[in-house]
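Notes follow once the structure below has been shown.
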Amino acid sequence: RDHHHHHKGKKPQQGNKQATMNTKDYVYSWHLSLRVDRPVEGCAMRPHAYMYGKKLDEREYESKSNQPHTKVMKEPPPSHEFSYRWFRGPLHEVCAFQECPRRLSFSPHDWSHHALGGTDCALQCVSQQSSLYKRIYCNSQCFVDAWKTQYTMPKEMLLRTGGGAGNANSNSRAGTPMRSRAGSFDSSDEVLYPDETGSTRSNGSRSPGPPMDGVGGGTLQLPGNAKNGGASNNSNNSNNNPSTPRGFVGGYNTNSNNNNSTGGNDSHDYHYTDYNAGDDWIEISRDQLLMPGPDDVGRKLKLEAAAYSMETGELLMSRVVKTDVVLSRAPDPKKRNLVTAKGAATANNAGPRFRVATYNVLAEIYATGQQYPYCDFWALSWDYRFQNILREIMDASPEVLCLQEIQADHYENHIYAALSEAGYEGVFKQKTRQSMGLAGKVDGCALFWRRSKFHLVESYSIEFNELAQRQCQQVLGMNSRGDEGIAFMNRLSKDNVAQLVVLEFIQPQTRTSRDITQVCIANTHLYSNKDFPDVKLWQTWQLLQELESFVMSRGTNLPLIICGDFNSTPDTAVYDLLARQSVHPGHPDVNVTTGDDHPNILPDAMNITHSFQLGSAYQTVLGDEPWVTNFTLNFKGVLDYIWYSAQNLRPLSAAPIPDEANLTKHGEALPSTEYSSDHVMLISDLQVISNGNR
């Protein structure tokens, strides 16, 4: 990309300078940028490779020509394509502190900023007198803890160039293995320098061989050979006895990445340099996408990207990056237990039961590092989060599932497919707005039902923008192009939507004509801005009006469930309207100050009503709304609800929201490595009650 258009417009300078400022004498700097996210088992890795040129004038020429990953050329880069090669690295020990949990676990929960105490940087002991000399620790806490066990090396030990202290200390409980062969290191191999990506790289490109003599009795301890105090090396790391005494420390090559918490010593009781009984980096793929598997866990990956000219096929530039240690798949989500309502067992005239869940899953377009700085960048990635969210949904196993913040391209590409495979059918409605420049990058609502339980009878969607237009023109008789109409429409056009389906039970048993065989489900996500309580109330009221005319026209006894993220806490007018059919005229939400840019969009409070008798499933079953359904650093509160028509449905159970200790176990707020949305799913079992003609 040409960032320097402004040079073209310069007046030619006077005199003989003129020729050099001629366009044909411009030079370009070519840059190759290559970035890859932290690898996690089962999460597709997509390289971010990007080559671009910048136009240079003479002053910049000198400074640019010796920068890394840059070359100075006469022409801008031609059109090009990338080829990729992926390599898997050797195993290393991740932390020399014996009690460090990361010696035995590559779970994302143990490798987050939160678990590492906020430090992202490995430390190496550089005190030559210390028994910990050259040891590498995954964070400052482990280093501090290990330091409590260090001691000063006796002089004569330091002088013995041959080392030979291999087992002298193998029974020490201090957890400070003896250091052998102070002389076997080439100190230049440990020099770290940052490159322009903000990653730290080591320049230790040479691969010194193993220490030669005096180590553990003069033999090189290869993996699995545990005699003489060498560590046994189990590939899955779970059987390593943390107190295994270690015979020697070899040289070390450390690479850490910007969001790296490891500092690059990878996973084992093995201190190899780049020596690993053979070639240590093994090529594993030439595809663009790589799906890390169990074999990669605990090792680093290396990606080489090369840009080739489309015309000539010649190599233009190439670059290599190393990743952080590959983490294992996150552990299965904690089971959510359902609490049963009092009297749920005494069912007279009981109809069918079904489980409903509602979940705002946090769309990728909103899951940014700016918004959630406390969550590791790799744990915010959609690939990582979708795996966890899907497992939560499968665990809850609902028969009706209402989702919010479903991104259009994700629905098309994999959400529908994943749920379809799991036995669900579904519909999607995206928000009204045109996606912000990119196809599919707009969120909406999705509603799924289990095929073996229901089939679809009717499906509708509601666009609140459209209802505003209608109300503006037909009801209020405003000209939507007049000032008043424009102000009204601007206040209300927030692109929110709702979905509405009628589902019929697939019931084997015989029915009498009076039995209820269908349910109506509505799913919505209301406007989120806290400064617009009037808009949220208007949306809720309009939704209820629409549902009322819909349900009434289909016979009055159609059970109704309204799920969603209402972006309204229980003290709002929205909650009052749903729960009590009306709004108190003194409520602050109906008394917002109006002005030029803020017209009054609400009718008289007396007219904001509906005729449903609605209950909130959680409030009914648990005696109160949950303590939160949305838990971030800036906001903690209840925004999500499952409402049901009390005349023909009753809730049997609800799954309580985990308490604060559980929600914050692996992060200070949501999302975290464990909870992959900033909202928590609500789950409730409901039952149709058919009391005759009631």
Side-chain angles (χ1 to χ4, degrees), residues 332-333 335-338 340-341 344-345 347 349-359 361 386-404 406 410-429 445-461 499-523 551 554-555 557-564 617 621 642-645 648-655 681-690:
D332 285 341
K335 282 272 184 282
R336 298 271 303 275
N337 295 315
L338 288 142
T340 312
N349 210 357
R353 311 168 168 224
F354 56 103
R355 178 168 298 171
V356 176
T358 182
Y359 198 1
V361 300
F386 182 59
Q387 283 199 4
N388 290 343
I389 286 164
L390 191 61
R391 286 189 289 179
E392 284 182 73
I393 291 168
M394 294 304 130
D395 273 1
S397 191
E399 271 115 10
V400 173
L401 173 64
C402 293
L403 299 173
Q404 303 85 40
I406 294 291
H410 292 165
Y411 181 83
E412 298 295 333
N413 297 336
H414 49 254
I415 297 175
Y416 179 82
L419 285 164
S420 178
E421 196 182 338
Y424 292 89
E425 193 46 68
V427 289
F428 174 70
K429 173 63 183 171
C445 296
L447 204 163
F448 290 91
W449 56 93
R450 184 169 285 141
R451 288 192 204 97
S452 59
K453 183 82 173 182
F454 294 107
H455 67 243
L456 180 66
V457 182
E458 303 182 67
S459 168
Y460 296 94
S461 59
Q499 296 176 289
L500 172 60
V501 300
V502 177
L503 301 175
E504 183 155 55
F505 289 101
I506 296 174
Q507 282 160 316
Q509 70 264 39
T510 54
R511 307 168 178 170
T512 67
S513 58
R514 270 213 313 254
D515 282 346
I516 291 172
T517 59
Q518 297 182 341
V519 289
C520 177
I521 315 282
N523 178 27
V551 170
R554 281 155 185 74
N557 211 11
L558 181 60
L560 172 67
I561 290 176
I562 313 172
C563 290
V621 173
I642 297 173
W643 297 94
Y644 65 93
S645 53
N648 43 26
L649 287 171
R650 62 171 192 174
L652 304 176
S653 67
M681 177 163 44
L682 304 191
I683 314 163
S684 174
D685 289 326
L686 292 112
Q687 182 171 37
V688 173
I689 44 179
S690 340

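Quick caveat: nothing in here was measured; it's all calculated off a predicted structure.
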**Prompt:** When rounded to the nearest 0.5 angstrom, what distance separates CG in Leu403 from CD1 in Ile393?
**Reply:** 5.0 Å
**Asked** Which residue pairs satisfy the salt bridge (Lys or Arg N to Asp or Glu O under 4.0 Å) criterion with at least one member in residues 412-426, sequence neighbours excluded?
**Response** Glu425-Arg451
**Message:** Once rounded to the nearest 0.5 Å, what's the spacing between atom CD1 of Ile642 and atom CD1 of Ile562?
**Reply:** 12.0 Å
**Residue from Val519, Leu686, Leu503 passing side-chain contact (heavy atoms from CB on, under 4.5 Å) with Ile561** = Leu686
**Prompt:** Going by heavy atoms in the side chains, are Tyr644 and Pro651 under 4.5 Å from each other?
**Reply:** yes
**Message:** Run the side-chain contact (heavy atoms from CB on, under 4.5 Å) test against Asp332 and tell me which residues pass, sequence neighbours left out.
**Reply:** Arg391
**Asked** For the atom pair OG (Ser684) and CZ (Arg355), what is the distance rounded to the nearest 0.5 Å?
**Response** 9.0 Å
**Complete:** All heavy atoms of Ala396 vs all of Ile683, minimum pair found to be CB-CD1, 3.7 Å
**Request:** State which residues pass side chain to side chain donor-acceptor pair (under 3.5 Å) with Arg336; sequence neighbours excluded, sorted by chain then number.
**Result:** none
**Asked** Under a 4.5 Å cut-off applied to non-hydrogen side-chain atoms, are Ile521 and Phe454 in contact?
**Response** no
**Trace of the side-chain contact (heavy atoms from CB on, under 4.5 Å) decision for Ser461 with Leu500** = CA-CA 6 Å; Ser461 59; Leu500 172 60; over 6 Å; no
**Within-4.5 Å side-chain heavy-atom neighbours: Leu401 and Leu447** = no
**Prompt:** Nearest heavy-atom pair of Gly564 and Thr358: which atoms, and what distance?
**Reply:** N-OG1, 3.6 Å
**Asked** Between atom SG of Cys563 and atom CD of Gln499, what is the distance when rounded to the nearest 0.5 Å?
**Response** 11.0 Å
**Message:** Centre-to-centre under 6.0 Å for His414 and Phe386, is that the case here?
**Reply:** yes
**Request:** Applying side-chain contact (heavy atoms from CB on, under 4.5 Å), run through Leu456 and Val501 and close with a yes or a no.
**Result:** CA-CA 7 Å; Leu456 180 66; Val501 300; 3.8 Å; yes
**Request:** For the residue pair Asn523 and Gln404, establish whether any side-chain heavy-atom pair is separated by less than 4.5 Å.
**Result:** yes
**Message:** Before you tell me yes or no, could you show the steps for Leu390 and Leu419 under side-chain contact (heavy atoms from CB on, under 4.5 Å), namely the whole-Å CA-CA distance, both residues' side-chain angles and the distance that decides it to 0.1 Å?
**Reply:** CA-CA 8 Å; Leu390 191 61; Leu419 285 164; 4.3 Å; yes
**Message:** Tell me the closest heavy-atom pair linking Phe428 and Cys445, and the distance in Å.
**Reply:** CD1-O, 3.3 Å
**Asked** If you measure from CG on Asp515 to OG1 on Thr517, what distance do you get to the nearest 0.5 Å?
**Response** 8.0 Å
**Request:** Check Gly351 against Gln687 and note the closest heavy-atom contact, atom names and distance.
**Result:** O-NE2, 3.1 Å
**Distance-minimising heavy-atom pair for Arg450 and Pro398** = NH2-O, 3.6 Å
**Item:** Min side-chain heavy-atom separation Ile516-Asn557 under 4.5 Å
**Value:** yes
**Message:** Tell me every residue that passes ring-ring contact (aromatic ring centres under 6.0 Å, His included) with Tyr416, counting only those two or more places apart in sequence or in another chain.
**Reply:** Tyr411
**Asked** Is Glu399 salt-bridged to Arg353, cutoff N-O under 4.0 Å?
**Response** no
**Prompt:** Do Asp395 and Pro333 have side-chain heavy atoms sitting under 4.5 Å apart?
**Reply:** yes
**Asked** Does the side chain of Tyr359 reach to within under 4.5 Å of the side chain of Glu392, using non-hydrogen atoms?
**Response** yes
**Gap separating the CG atom of Asp685 from the OG atom of Ser653, nearest 0.5 angstrom** = 3.5 Å
**Message:** Going by side-chain contact (heavy atoms from CB on, under 4.5 Å), name the residues that satisfy it together with Gln387, two or more places apart in sequence or in a different chain.
**Reply:** Cys43, Arg329
**Request:** Would you indicate whether the side-chain heavy atoms of Phe505 and Val688 approach each other to under 4.5 Å?
**Result:** yes
**Prompt:** Who pairs with Ala422 by side-chain contact (heavy atoms from CB on, under 4.5 Å), at least two apart in sequence or on another chain?
**Reply:** Met394, Tyr424
